2 protein chains.
Amino acid sequence: MSEAANSNLSNTKIDVPDSFIEELKEILGDRVSTSAAVRDQHGNAEDYFPIAPPDAVCFANSTEEVSAIVKLCARDGVPIIPFGTGTSLEGHVQALRGGITIDLTNMNEVLEVNAEDLDCRVQAGVTRKQLNEYLRDTGLFFPIDPGADASLGGMSATRASGTNAVRYGTMRENVLGLTVVLPDGRIIKTGGRAKKSAAGYDLTRLMIGSEGTFGVITEVQVKLYGIPEAITSAVCQYPSLEDAVNTVILTIQSGIPVARIELLDEVQMDACIKYSNLEGYEEKPTLFFEFHGTEASAQEQAEMVGAISDDFDGSAFAWSSTTEDRNKLWQARHDAYYAALALEPGKKGIATDACVPISNLAECLLETRKDIDESGFLAPIVGHVGDGNFHLVILIDPDDEDEMHRAHELNDRLVHRTIAMGGTCTGEHGVGCGKMDFLIAEHGGDAISVMRTLKMAMDPQNIMNPGKIVRV
Amino acid sequence: MSEAANSNLSNTKIDVPDSFIEELKEILGDRVSTSAAVRDQHGNAEDYFPIAPPDAVCFANSTEEVSAIVKLCARDGVPIIPFGTGTSLEGHVQALRGGITIDLTNMNEVLEVNAEDLDCRVQAGVTRKQLNEYLRDTGLFFPIDPGADASLGGMSATRASGTNAVRYGTMRENVLGLTVVLPDGRIIKTGGRAKKSAAGYDLTRLMIGSEGTFGVITEVQVKLYGIPEAITSAVCQYPSLEDAVNTVILTIQSGIPVARIELLDEVQMDACIKYSNLEGYEEKPTLFFEFHGTEASAQEQAEMVGAISDDFDGSAFAWSSTTEDRNKLWQARHDAYYAALALEPGKKGIATDACVPISNLAECLLETRKDIDESGFLAPIVGHVGDGNFHLVILIDPDDEDEMHRAHELNDRLVHRTIAMGGTCTGEHGVGCGKMDFLIAEHGGDAISVMRTLKMAMDPQNIMNPGKIVRV
């Protein structure tokens, strides 16, 4: 590595001169903003991290514009933070070393839909709801649903998943290919439209989950699915958390292809009943189910799960058979985070993200529930439990140092419990700057050094979203 | 990069001194072989490439032994070729720069089966048949089936797939984690047992398909599945290749979750009837189906496919309802390569490996069939057509230069046709030293330069299976 490159491999904050902003304006015109409001808005996402604003925000309209911006930044060693909808949860978009944020919101075009091949290509700023709205008349849908109406670029960058992942997989399984602007401004296409390929290193999977540290994702090719002939939702309530979780475990172990199986504990259920005006439900541990298939197979799945649920004293399934009822139910589920925050107005939430092998889910959840109760925090539990994945929203006052300290201790214990049970420190939220220290505990120092080697090879100047995932 | 490292970054052949072999023997005792027979046996696989033997073959018994061998090799810049069952098809195991081959056959222990989590961990030398035999009493199975009884390490390294991939995915989707000996001898574990994770760069997927160029895979953690309540096979024959392919396309586009849908053209069917003594079938384009599910859902799938097949003048389904019948059928399918070779005893096969988006499958297959007919070669077609993936076995005499030249031209036209139709130069066989030149056509020069950057970062001495995937 040259000395010049080495000297740029710094973690110190960069001062971006006015002349650089002027050069950006030559490319983007008035789509460069240095206003405090816009910079602050891009300086954090839906998390509790302190705002760390960039020096400027660029609103790019095309892959070529992103490339031109990145080339300028590479020339001068200016950090770059890609920004989708700002719904990440681990400090992914903080401009820790300053620099510029590239907002991809304007890149919101669906480029092609290949209905006969069940795939499509979109610009990175297209959101999942927008895509599904666009697909409405094709009989197809895109299943990955992290709750927030995130952009497909951001979802790729963070390896997002969510409620449907138990059946359809995560972004890892559903992205066929990407267009990426590399840290030196070159544009590559990864992957392709074939359903499988053994043609060289898996650059697509290298980018998915790399959180903007290897380049800027500008286009995403994803798999689509036919809208099932039958979609039915059901809600079931349980006398205890253990009963609810055991229903989940047996459902998964039986290989029943449920499309969604979501847990809300009694605290979260209380929050949702209040926030979303859910009628007819009690403050009890609750499972939300969704079944996809032909009429016959969806019916068969529901009957099999119903029988398991009965064994654990679940209430009779409350069915949501109309689309309207179903949408209300799932909107309530998606708003669970906001419902939790509404329990104590003025507080912020630390969203934790444990994921364990399904056989350890009951033990992990029950120990965590006990730990929450002992901690004195209000922390509803909600989870994509079919994948062994669950979240607490620990309600905290970020300005109360003692409270923050104790909340982090609660999260630390959860993470270490998760890892000890064969799980991961993050099922779907990613690492950002919030979970870097846990990576070593999970993967070991040598694996992290390989990650660092990759980062230094891909981005020798450390300009791509610096200070996230690994330290260099 | 230091000058010393640079000087090793060579593609020239290494002379391995006797003293080095002696050092290997200090680690492995008599499990180091320099006999010509053993070296030749490891100098190619089931392909047409000329034998390129290593200087010695090491039979390792443990990850720690592999690490010790690799450390010695790293010290002296000696190339290393990992070797599973030797069933690869693109010159993956040729010792192009000499060096040593590490044969993992002895590492054939199933380390753990977590039945309740539907996963297991095996040493890299465990073969898929061995694993399924081991699992026999658990009610679980491992679905990935490339035909050959390959090792799970080799299948991971080449991103193998095969007949069941249309339903269960490839090794990419089914490997949860790996133990890898890095090019400097350090041992890392990638991934984990959680069903999903967003914890950093996807080192597992980086290794899958890297063909031994990033390290030696010594353990594999894979997903398992419950053996379906109902498994039924059916065979259907068609008046034309087009009718058969159109049945496939409509089946996939209808979202019917067939477990297997395999095409054999009339030439391949002729070969299989003779080789495997299949009774009651004609020399016609043929589809082999398998349906997995509950009794009701397997039945429903078969009825839906039957209706589609009728529309394309398919013969009535010939059912294989007993396990014995079914096994005979699938064994015949697996032996298709050997059946093809038996059509012209003494000839070798060039196995091609096209994979296109399903909507282009008919056009690609028909143009290819025409090209074969015009070429004068005998080249049966067989394919995992549910994924858009098919193979020719071009029967050639490797000593006939003109024939080899024309066979390569036929393959070149097939690859370029495939890429032009949005497909990939290899669906599942991998790159090896046979398909390196096609990677640029498929991915573009800048993407290949990223692959080269990764290779140089991961293996700066270029000792891990040098001369495969990318040139450095």
Side-chain angles (χ1 to χ4, degrees), chain A residues 1 114 116-117 158-159 161 165 170 173 186 188-190 192-203 205-206 208-210 225-226 253 255 294 296-297 300 355-359 387-389 422-431 439 442-444 446-447 450-451 453-454 457-458 469, chain B residues 1 114 116-117 158-159 161 165 170 173 186 188-190 192-203 205-206 208-210 225-226 253 255 294 296-297 300 355-359 387-389 422-431 439 442-444 446-447 450-451 453-454 457-458 469:
Chain A
M1 193 170 292
N114 306 298
E116 70 283 16
D117 290 316
T158 55
R159 205 181 294 134
S161 46
T170 72
E173 287 80 23
R186 284 180 300 160
I188 62 167
K189 290 199 176 195
T190 73
R193 289 187 54 230
K195 207 176 149 205
K196 64 183 196 184
S197 172
Y201 304 140
D202 192 344
L203 300 184
R205 253 47 59 181
L206 184 75
I208 290 175
S210 66
Y225 297 80
Q253 290 177 345
T294 60
S297 77
E300 188 179 41
C355 187
V356 291
I358 196 88
S359 67
D387 290 320
N389 184 205
T424 176
C425 68
T426 169
E428 56 181 16
H429 293 170
V431 179
L439 280 195
E442 181 170 338
H443 296 297
D446 285 331
V450 173
M451 293 191 194
T453 297
L454 294 173
M458 292 290 292
I469 300 189
Chain B
M1 193 171 291
N114 306 297
E116 68 284 15
D117 290 316
T158 54
R159 204 182 293 134
S161 46
T170 72
E173 286 80 23
R186 285 180 299 160
I188 62 167
K189 289 199 176 196
T190 73
R193 289 188 53 230
K195 207 176 148 204
K196 64 184 194 182
S197 172
Y201 303 139
D202 193 344
L203 300 185
R205 251 49 58 182
L206 184 74
I208 291 175
S210 67
Y225 297 81
Q253 290 177 345
T294 60
S297 76
E300 188 179 42
C355 187
V356 291
I358 195 87
S359 67
D387 290 322
N389 184 203
T424 176
C425 68
T426 168
E428 54 181 16
H429 293 170
V431 179
L439 281 194
E442 180 170 340
H443 296 298
D446 284 332
V450 173
M451 292 191 194
T453 297
L454 294 173
M458 292 290 292
I469 299 188

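Just so it is clear, the model here is predicted, and its values are computed rather than measured. Residue numbers start from 1 in every chain, and the chains themselves are labelled A, B, ... in the order their sequence lines are given, proteins ahead of strands.
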Could you look at [X] and say if it's the side chain, the backbone, both or neither that has a heavy atom under 4.5 Å from chain B?
{"X": "K189(A)", "result": "backbone"}
{"X": "I358(A)", "result": "both"}
{"X": "E428(A)", "result": "both"}
{"X": "T158(A)", "result": "backbone"}
{"X": "E300(A)", "result": "side chain"}
{"X": "D202(A)", "result": "both"}

Out of [options], which one racks up the most heavy-atom pairs below 4.5 Å with chain B?
{"options": "S297(A), G226(A), G430(A)", "result": "G430(A)"}
{"options": "R205(A), K196(A), R159(A)", "result": "K196(A)"}
{"options": "A194(A), A199(A), A457(A)", "result": "A199(A)"}

Chain A interface, residue from [options] that has the most non-hydrogen pairs under 4.5 Å:
{"options": "C425(B), S161(B), G388(B), G192(B)", "answer": "S161(B)"}
{"options": "G427(B), G255(B), C355(B), G422(B)", "answer": "G427(B)"}
{"options": "H429(B), E442(B), E173(B), E116(B)", "answer": "E116(B)"}
{"options": "G200(B), G423(B), A296(B)", "answer": "G200(B)"}
{"options": "S197(B), A447(B), G444(B)", "answer": "S197(B)"}

Exercise. Testing N389(A), T170(A), T424(A), D387(A) for side chain to side chain donor-acceptor pair (under 3.5 Å) with K195(B), which one passes?
Worked result: D387(A)
For this session: Please assess L454(A) against M458(B) for the test side chain to side chain contact (heavy atoms under 4.5 Å, CB included), listing each intermediate value before the final yes or no.
Result: CA-CA 8 Å; L454(A) 294 173; M458(B) 292 290 292; 3.9 Å; yes
